[in-house]
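Values below: every heavy atom of this structure, side chains too, minus hydrogens, waters and symmetry copies. Keep in mind that this is a model prediction, so the values were computed, not measured.
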Amino acid sequence: MSKKLTSRAEDYSKWYNELVVKADLAENSAVRGCMVIKPYGYAIWEKMQAELDRMFKETGHKNAYFPLFVPKSLFEAEEKNAEGFAKECAVVTHYRLQNDPDKPGKLRVDPEAKLEEELVVRPTSEAVIWNTYKGWIQSYRDLPILINQWANVVRWEMRTRLFLRTAEFLWQEGHTAHATREEAVRETELMNNVYASFAENFMAIPVIKGVKTESERFAGAVDTYCIEALMQDGKALQAGTSHFLGQNFAKAFDVKFANKEGNLDYVWATSWGVSTRLMGALIMTHSDDNGLVLPPNLAPDQVVIVPIYKSMEQLDEISELAQVIISELKEKGVSAKLDDRDTLRPGAKFAQHELQGVPVRIAIGPKDLENRTVELARRDTLTKEIVPLDTLTGKIEGLMEEIQVSLYKRALEFRDDHITEVDSFEAFKEVLETKGGFISAHWDGTAETEAKIKELTKATIRCIPVDAKEESGNCVLTGNPSSKRVLFAKAY
RNA sequence: CGGGGUGUAGCGUAGCCCGGUUAUCGCGCCACGUUUGGGACGUGGAGGCCGCAGGUUCGAAUCCUGCCACCCCGACCA
């Protein structure tokens with residue numbers, strides 16, 4: 001295995017692929033397009049899950065679980081949704097294998113075991129869920145229903161990349177039912193705000209909250225809200241979406257309720273999700289040419305202690321000290337571990353922990369024992385300093401917050417530097433080619449113009465920012481009047 | 001799904017055009033010893049159905065066909 005990671009400048013996409021594998025986050029599997037998430041990668045995902053789950057519950061949601069399979073007849077009920085996902089559905093047609101009479105030792109699909117009705121492997125769960133909600137909802141008293149599920153979904157992608165686009169991925173999908181349009185819209189916005197706050201405060205990833213244009217909207221939604229993040233290579237990445245589904249699914253699945261006045265009305269719906277794609281966003285926001293950089297909130301180990309020793313006696317002495325440090329840190333809510341593997345030398349450990357993004361590293365050697373100090377190294381800045389033992393744990397506690405904030409600030413600065421306002425199509429192309437990032441420009445509001453710009457530049461409208469200010473201008477392509485700027489970018 | 005490329009030990013590779021000893025080298029791995037403040041060194045050792053399946057041939061890593069996987073570029077996409 002080569003020791004050095006390909007640099008970002010050399011080949012960003014290669015850098016990403018190597019990093020995911022070398023940092024032991026995930027690898028490709030024997031199944032086309034499907035990844036194996038390795039323990040270290042999964043530990044980071046679990047941190048995300050835990051925080052999101054907490055936030056969902058805090059906003060009144062409960063977890064439940066719905067089936068992996070969707071009977072085709074249910075799947076096709078909401079036409080737009082079905083049509084949108086049709087091209088990428090895996091379908092179960094049989095329920096049994098048998099020994100192949102022609103090839104001893106081999107199995108074949110039993111031709112007798114064809115399913116009456118094919119089962120679609122869920123690309124998303126609206127269909128099963130709304131079919132279920134139909135049985136749960138009669139009256140306004142049954143509303144709202146605020147449910148989330150943690151699940152895997154399958155979308156048969158042509159080109160896959162670890163975390164960013166895989167045929168199977170893990171996510172959460174919230175599905176809520178409401179009595180009024182206003183309440184459902186509020187829920188949609190609330191959850192988009194939850195995502196934004198999670199991304200910014202927990203993952204240290206600045207995001208732009210916005211609304212999707214019609215062509216980028218979720219199939220079956222009335223409105224799709226999103227959070228858009230900017231990666232280091234200047235490409236945008238949709239990090240989360242929240243959909244106002246109107247009454248589309250209620251109508252498709254005939255879900256009506258009696259309101260307070262005794263009139264029947266269709267239920268209003270939302271759905272919202274974030275996926276393991278966030279791992280990709282995390283990597284491409286903070287990491288550097290030395291490897292992964294983790295914000296303390298997401299680091300499986302926030303601090304690692306590397307002992308430097310010649311004799312076993314020294315190791316014992318260092319280990320004893322390390323245990324004291326570890327338990328003091330634990331009291332302060334900081335997770336730390338001692339890397340006492342005797343199979344690697346210190347330098348190799350430094351390199352590995354750097355590659356894996358551990359926020360803070362402590363090295364303790366004979367000199368430190370003598371001086372009552374340690375060497376403290378920050379992953380985000382790659383700086384080192386000698387710290388006296390008696391101020392160590394307090395300093396680290398503060399560092400956790402400092403690193404978290406500084407990563408966010410660094411990413412925010414980069415992001416803000418890469419939002420460029422342009423007022424001509426020439427400038428649009430110029431900025432896109434030379435600088436990348438988001439381009440803030442006027443758009444005449446038509447799908448035709450959007451498509452034309454995509455065809456000419458490969459950039460799409462990432463969103464209409466929710467805080468976009470009213471400003472009269474002219475469409476960057478057609479010159480037609482426009483009332484606000486939208487954000488364009490090349491996207492993942 | 002279209003175009004291009006690549007599959008040889010855990011990883012990276014030589015050999016392939018032009019078929020012919022025991023398949024090359026480096027890293028990693030194992031044992032022992034010396035080491036340990038930024039990816040250690042020595043000695044010894046293990047590890048290969050040459051991507052898979054057919055075919056051509058006295059003989060296939062090498063030639064032919066099919067399949068599979070991965071990478072790059074397009075279309076699609078969270």
Side-chain angles (χ1 to χ4, degrees), chain A residues 1-6 11 13-14 16-18 21-22 27-35 84-89 103 106 123-124 153-173 195 212 215-219 224 226-229 236-243 271-281 290-291 306-312 314-315 318 339-355 361-371 373-377 382 384 386 454-455 458 460 462 491-492:
Chain A
M1 192 190 319
S2 69
K3 285 182 175 162
K4 280 265 186 285
L5 203 56
T6 297
D11 186 338
S13 123
K14 194 173 176 192
Y16 175 87
N17 293 337
E18 284 181 11
V21 171
K22 289 185 176 177
E27 63 187 36
N28 280 304
S29 71
V31 192
R32 179 200 252 286
C34 297
M35 64 180 160
F85 285 105
K87 297 183 300 295
E88 41 186 345
C89 287
K103 295 176 189 158
K106 302 281 185 190
T124 181
V153 287
V154 170
R155 296 182 187 174
W156 213 260
E157 298 291 347
M158 298 307 171
R159 276 182 71 194
T160 60
R161 283 186 79 193
L162 294 171
F163 291 121
L164 294 173
R165 182 168 302 113
T166 47
E168 179 194 18
F169 58 89
L170 304 184
W171 77 347
Q172 58 68 218
E173 44 181 327
Y195 287 154
K212 288 291 188 186
S215 58
E216 297 277 330
R217 192 180 290 159
F218 177 72
T224 287
C226 62
I227 52 169
E228 291 284 328
L237 184 136
Q238 178 177 306
T241 50
S242 182
H243 315 292
S271 68
W272 28 273
V274 295
S275 71
T276 36
R277 193 181 220 205
L278 286 174
M279 293 287 291
N290 296 309
V306 177
I308 295 154
Y309 57 94
K310 288 195 166 56
S311 68
M312 278 331 225
Q314 274 173 351
L315 176 60
I318 292 166
D339 184 354
D340 59 358
R341 289 174 295 175
D342 60 1
T343 48
L344 289 179
R345 296 162 84 257
K349 292 180 184 178
F350 293 175
Q352 191 190 343
H353 295 129
E354 220 159 79
L355 182 60
R361 180 189 70 225
I362 296 172
I364 309 177
K367 284 183 234 158
D368 296 304
L369 289 178
E370 207 175 299
N371 302 331
T373 58
V374 302
E375 181 194 84
L376 187 70
L382 295 169
K384 292 191 276 201
I386 302 296
K454 180 177 180 186
E455 187 193 321
K458 302 211 167 68
T460 51
R462 299 323 304 152
Y492 274 95

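Nucleic acid contact for A:Phe169: base, since at least one base atom lies under 4.0 Å from a heavy atom of the residue. Residue contacts for A:Thr241: at a heavy-atom cut-off of 4.0 Å it reaches no nucleic acid atom on any strand shown. Across all strands shown, A:Glu157 has heavy atoms under 4.0 Å from base atoms, whether or not it also approaches the sugar-phosphate. Among the protein residues, A:Gly84 comes within range of no part of the nucleic acid, since none of its heavy atoms lies under 4.0 Å from any strand. Nucleic acid contact for A:Thr276: none, since no nucleic acid atom lies under 4.0 Å from a heavy atom of the residue. A:Lys367 comes within contact range of at least one nucleobase, with a heavy-atom separation under 4.0 Å. Here A:Thr343 lies out of heavy-atom contact (under 4.0 Å) with every strand. Note on A:Leu164: a base of the nucleic acid sits closer than 4.0 angstrom, heavy atoms only. A:Pro366 comes within 4.0 angstrom of a nucleotide base, judged by non-hydrogen atoms across all strands.
When both pairing distances are held under 3.5 Å, B:A69 makes a Watson-Crick or G-U pair with B:U6.
In this structure, the nucleotide among B:C71, B:G39, B:U36 sitting nearest to the side chain of A:Asn17 is B:C71. Listed nucleotides B:G39, B:C76, B:A75 differ in distance to A:Ala348; the shortest reach to its side chain belongs to B:G39.
In this structure, A:Tyr309 and A:Phe218 both approach RNA chain B, and ranking their closest nucleotides by distance from the 5' end singles out A:Tyr309. Map A:Arg161 and A:Lys384 each onto its nearest nucleotide of RNA chain B; the residue landing nearer the 5' end is A:Lys384.
The base of B:G38 sits with one of its N or O atoms less than 3.5 Å from a complementary donor or acceptor on the side chain of A:Glu354.
Under the side-chain contact (heavy atoms from CB on, under 4.5 Å) test applied with A:Pro307, the options A:Asp342, A:Ile318, A:Asp368 reduce to a single match, A:Ile318.
In this structure, CD in A:Glu157 is found 10.5 Å from NZ in A:Lys87, a value given to the nearest 0.5 Å.
Ring pair A:Tyr195/A:Trp272 is perpendicular by interplanar angle, where above 60° counts as perpendicular and below 30° as parallel.
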